[in-house]
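Because the structure is a prediction, the values reported are computed rather than measured.
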Amino acid sequence: MVGQFTKRQWLTLIVISIADFANAICVSLQAPFYPQEAEKKGASPTEYGLVFGVFELVVFIISPVYGKHVSLQS
């Protein structure tokens with residue numbers, strides 16, 4: 001199957017991989033600092049935990065939509 005990808009399909013895969021990696025970096029950088037800053041503003045752990053949870057829920061819901069609209073065929 002690897003040899004069957006076209007150049008466009010490889011480029012699409014690379015771009016999606018880079019975007020996913022950049023997203024993971026952003027979430028990883030946010031986690032150590034956000035709770036402390038949220039508590040300074042009076043947020044409880046439940047409230048700022050919901051921020052992370054809702055973010056992941058949105059990613060989970062939107063992923064099939066992206067999958068449907070990304071065509072790997074040239």
Side-chain angles (χ1 to χ4, degrees):
M1 183 173 170
V2 174
Q4 298 173 353
F5 284 170
T6 66
K7 183 179 179 180
R8 182 176 178 184
Q9 289 172 328
W10 275 113
L11 290 174
T12 302
L13 182 64
I14 290 168
V15 168
I16 290 172
S17 298
I18 291 170
D20 187 48
F21 182 70
N23 179 38
I25 289 173
C26 291
V27 172
S28 296
L29 288 174
Q30 183 181 6
F33 305 106
Y34 185 75
Q36 183 179 13
E37 294 299 318
E39 285 179 356
K40 284 181 187 176
K41 298 184 188 282
S44 70
T46 302
E47 292 170 334
Y48 61 76
L50 282 171
V51 172
F52 290 107
V54 168
F55 173 79
E56 294 301 330
L57 178 63
V58 169
V59 170
F60 179 75
I61 292 170
I62 295 300
S63 292
V65 175
Y66 281 135
K68 182 179 179 185
H69 290 89
V70 172
S71 174
L72 293 179
Q73 298 176 5
S74 57

Derivation and outcome, side chain to side chain contact (heavy atoms under 4.5 Å, CB included), residues L11 and K7 = CA-CA 6 Å; L11 290 174; K7 183 179 179 180; 4.3 Å; yes
Heavy atoms, side chains only, cut-off 4.5 Å: are F55 and N23 in contact?
-> yes
If you take all heavy atoms of Q9 and Q4, which pair is closest and at what distance?
-> OE1-O, 3.9 Å
Is there a donor-acceptor contact under 3.5 Å linking the side chains of Y48 and E37?
-> no
Single-linkage hydrophobic cluster F52~F33, side-chain heavy atoms < 4.5 angstrom = no
Could you state whether F21 and L29 fall into the same hydrophobic cluster, counting links through intermediate Ile, Leu, Val, Met, Phe, Trp or Tyr residues with side-chain heavy atoms under 4.5 angstrom apart?
-> yes
Can you name the closest pair of heavy atoms from E39 and P45 and give their distance?
-> OE2-CG, 4.1 Å
Least distance between heavy atoms, P35 atom then A31 atom = CD-O, 3.0 Å
Examine V58 and Y66 and state if one hydrophobic cluster contains both, with Ile, Leu, Val, Met, Phe, Trp and Tyr joined whenever side-chain heavy atoms are less than 4.5 Å apart.
-> yes
